[in-house]
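Note that the structure is a prediction, hence the values are computed from the model and not measured.
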Amino acid sequence: MDPFLTSRIVTDVLSGLTNGVTYGLVALSLVLIWRSTGVLNFAQGAMPMFATYLGFAFLSYHFGYWACVVACVIAGLLLGGLTERFLVRGLYGKPEINPIVVMVGFLIVLEAVAAAIWSSTPRSLPSPFSAIHWQLAGKPFALSPFTVYEIATALVVMALVAALFRFTKLGLQLRASALAPEVSRLLGVRVGRLLTLGWMLSTAVGVITAILVSANFFSGLTPTVMDGIFAYGFIAAAIGGLESPVGAIVAGVLLGVVNQFVTDFVNQNAVIIIALGILVVSLMVRPSGVFTKSSQRRV
Amino acid sequence: MKLIAVRRRVPIAIAIAVAVTIIALVAASTTREGIALSIAFDLAVACGIAMSVPGFKADHPVVSRAALTLLALDVAIFLTFFFSSSTNFNLATGAAMSIVLLGLSFLTGASGQISLGNGAFMGVGAFAMAIWANHHATTPIVLTLLIAVACGALVGLLLGLPATRLRGPYLAGMTLAFAVAFTFILSSFSSWTGGDSGLQLPTAATAPRWLDGFFHAGTPPLTTTTLYITDVAIIVAGVAFFFMANLFASRTGRSMRLIRDNDVAAELVGVSLPRTRVVAFIVSSAYAALGGALLTLIDNSVSPPTYSFALSVTILSLIVIGGIGTISGALIGGVIYAFSTNVISWITTQTGLNPQGNLASQLNGIIFGGLLILTMLFAPFGITGAARQLWHRLRARFPR
Amino acid sequence: MITIEDLTVSFGAVQALRNVSFVAETGKITAVLGANGAGKTTLLRTISGLKEPKTGTIRLDDQSLVHKRTEDIARLGIGHVPEGRGVIGEFTVEENLRLGAMMARVNLLQGLQEQYELFPVLGERRKQHAAKLSGGERQMLAMARALIAKPSVLLLDEPSLGLAPLVTAQLMHTIQSLCESSDLTVILVEQNATSALRIAHHAVVLHVGKVVANDTAANVSANDNLRQYYLGLVE
């Protein structure tokens, strides 16, 4: 076969892509909540982690992988909805640090409770596909059946979210309540319910990320498995501009590729440092994000 | 007219009175402990008198704050002579932490922003202190502390530059990324930072000769050192609080509070938004670095795992519980930190939990995280805010 | 029919509306007039449930609207075109209309067709973002968006604000013909008293939160005192 496909550059790009889609998903879930409720959800990694633990608790009852995935998503939807109703609802319109602080607190509690129930020892999740890389002409190729599954799932989720927002009545209402809550209410849109729905949806997107991440990375599922992914997801969302879902996804994927190159050509430690540097520089150049059109500020 | 003139003379009169009493006591007493005790007592009385003069606080705000600081330092240091070594150690860490909390309280209170990376800034100070001490062992403590502060301020400036244009959530996320990155930064420069094992200070900080009499030569050296370090930490914290109290009240502090409450209005009246925001961020980083450097001094060593993201979250919890945006909140948070380990292990034994179990090891996170949420939801200004509210209610019910 | 009795609304210590009572009859246009700060917008916001009244009742036919949620009030058939029009600039004209039709059980395509017939310019610009429309077009869009849900009551907050006199006249004409062709109850809040009185059947004049006149539009028009002191109309 073509040696090009197993070359260093292609390998880096493809492995970067595999990580990048997970950053993109986290960034997307952050943007969904930020746009609809003006809250930067610092528990956006921890909530899906918790739901994933809950869902995969069914494994011990001999339910298969897919049944557990469904259970995880349902747990995520519930957790997201309950969080919005009981934790976040009272914080809209408060100073912007209040929801930040509450969600950081929630992050800590969720991680601690998860570690208390399930311990901090990594737990390996079953995988429906082999994680062994394909070989091309005796050389390892960057992709495995699992990474293809990972990338495909991420793309499908992104496409579904886009379709939901673009083409459905629900999406129209979700967008309207994010853009103009009061006007939407005057038109009979039940904004309160839609905000809950937005959180449910966003947590579900996060859950799918958490399932992919904890099966793919050698670490397995741990209470802190999403911490790093969350940091990269936030960096991607901030570079893309918290307002733009497309920007968040693109920035996430690019960040994944850049990270892979840094890992390969510099070293593992430098990855987050360089990512942080990119964030600082991009925020200085375009404070409202690289992919947003206007820099209007809501007064 | 006459009354004002009298008030102005009060501090001078007090100063003279204190000086005279001290000289008299020095002449009278033969033991150093006796002198120490009388100085402590005298100082407390003098400060108490100064602050109880009506109108003094309004006419001489700076002197009045200095008097309050002196009084607090005096009482605290006096007490450390009676505490056990472990209590003093806890107090010292609490004092170092309260400085860090003060910085974060200022950032939020003054500019409405929040940092999730103050644990990392603390680490900057802690490592700067250890690295400098390892290369220049002879530098006096105060100078080394200042160098650490300068390092913190510099890193704060670097990260704070984009912060000038950003609103709260961006800064919070960026500082979070810094906190996560910090441990990796440490391992990237392992030749300087000592890698995973961290650094030891070349020599433990011991009391200089001329203080020998106060830090008993008879007691075990460890106890003496702890006592000395505790008092140093308390004094440094006192100075830090004094500066911050003045900064809060200054023009800069006022313009910062305006930004927090209404940034558009602040710009309209000519407050420079970017500059004020970045200054607030730098001050908060510098204070965090000072606290970290003190902690290195107290522990006599520094190790990377201390400065993980978890520390930043602990800092946030403490100041929120104490009362974010207030000075007393930092003090309360520091005290809570000093004794939190004891309290949590007390809870563990009282509830009969297995100390090695999962739940016991996570109790810290559950309690602090839970308190963080509950405080923010039900008493957003923490203990300080709740106390103030209670005070106002009592005043309303029992008017003078 | 909207019946308002003894309505008092306050913002903290400030009373925005004091013991306001009047009836807006079915199939009629009731103009609510008054200077800036008279409480006109607050009145509409209270009817729509965006503001809780302190005391008093608001009824749609026999149904009380007080303590109901805004979205539920809207679903009862009360269309509110807010001050500043409230069109969603990031949405296209058609998306704005689709949003308006969402809660009502009406045929979307038919509804769109009707609105495009009523406001032909909207049909021409259906794919354009609402932010790109002119002031008059936005006002039409806001009205079309309320009308597409087939409301029984239409609350219009300063529809003429910022519009050229000719456009205002056209708009008032549209409101008038809408009212005549159906059983629509219109409450029209206006600072521009002349054009509102021309089409209104009934007029309520507010002054610092109090009703100073509640009469037929013709009588209010003829009352020189009202014209001079409260409506700022001097010959």
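- Taking 4.5 Å as the limit, every side-chain heavy atom of A:V113 sits out of range of all side-chain heavy atoms of B:Q362.
- Here the shortest heavy-atom pairing between A:L107 and B:F309 reads CD2-CE2, 3.9 Å.
- Annotation: the span from A:K94 atom NZ to B:L377 atom CG amounts to 8.0 Å, rounded to 0.5 Å.
- For B:D196, the CG atom sits in a loose shell: 12 or fewer heavy atoms of surrounding residues, nucleotides or ligands are nearer than 6.0 Å.
- If you run side chain to side chain contact (heavy atoms under 4.5 Å, CB included) between B:I185 and each of A:I273, A:N269, A:I272, only A:I273 comes through.
- Summarising the geometry of A:L276 relative to B:A177, their closest heavy-atom pair is CD1-CB, 3.6 Å, with the distance given to 0.1 Å.
- When A:V101, A:I117, A:L91 are compared by the number of non-hydrogen pairs under 4.5 Å with chain B, A:V101 comes out ahead.
- Top candidate by heavy-atom pairs under 4.5 Å with chain B, chosen from A:G228, A:A237, A:A231, A:A116, is A:A116.
- Smallest separation of non-hydrogen atoms from B:A172 and A:I100: CB-CD1, 4.0 Å.
- Atom CZ of A:F261 has more than 12 heavy atoms from other residues, nucleotides or ligands within 6.0 Å.
- Interface residue A:F234: only side-chain heavy atoms are found under 4.5 Å from chain B.
- When the candidates B:S317, B:A179, B:A181, B:G365 are compared by the number of heavy-atom contacts under 4.5 Å with chain A, B:A181 comes out ahead.
- With a 4.5 Å cut-off on non-hydrogen atoms, B:L186 does not touch chain A at all.
- When all heavy atoms of A:V104 and B:L316 are compared, the pair lying nearest together is CG1-CD2, 3.8 Å.
- Looking only at heavy-atom pairs under 4.5 Å with chain B, the residue among A:F42, A:Y232, A:F230 that has the most is A:F42.
- You'll find the side chain of B:Y170 reaches within 4.5 Å of the side chain of A:L242, heavy atoms only.
- For B:S188 against A:A270, the heavy-atom pair with the smallest separation is OG-N, 4.4 Å.
- Per-residue counts of heavy-atom pairs under 4.5 Å with chain A were compared for B:V313, B:T183, B:T375; the largest is that of B:V313.
- Inter-residue side-chain proximity for B:I373 and A:F106 is flagged as met; some heavy-atom pair is nearer than 4.5 Å.
- B:F189 CZ: 12 or fewer foreign heavy atoms inside a 6.0 Å radius.
- Looking at B:I366, both its backbone and its side chain come within 4.5 Å of chain A, counting heavy atoms on both sides.
- Smallest separation of non-hydrogen atoms from B:T108 and A:I97: CG2-CD1, 3.2 Å.
- Two residues are said to be in side-chain contact when any heavy atoms from C-beta on lie closer than 4.5 Å; B:F178 and A:V280 fail this criterion.
- Residue B:L359 touches chain A through both its backbone and its side chain, counting heavy-atom pairs closer than 4.5 Å.
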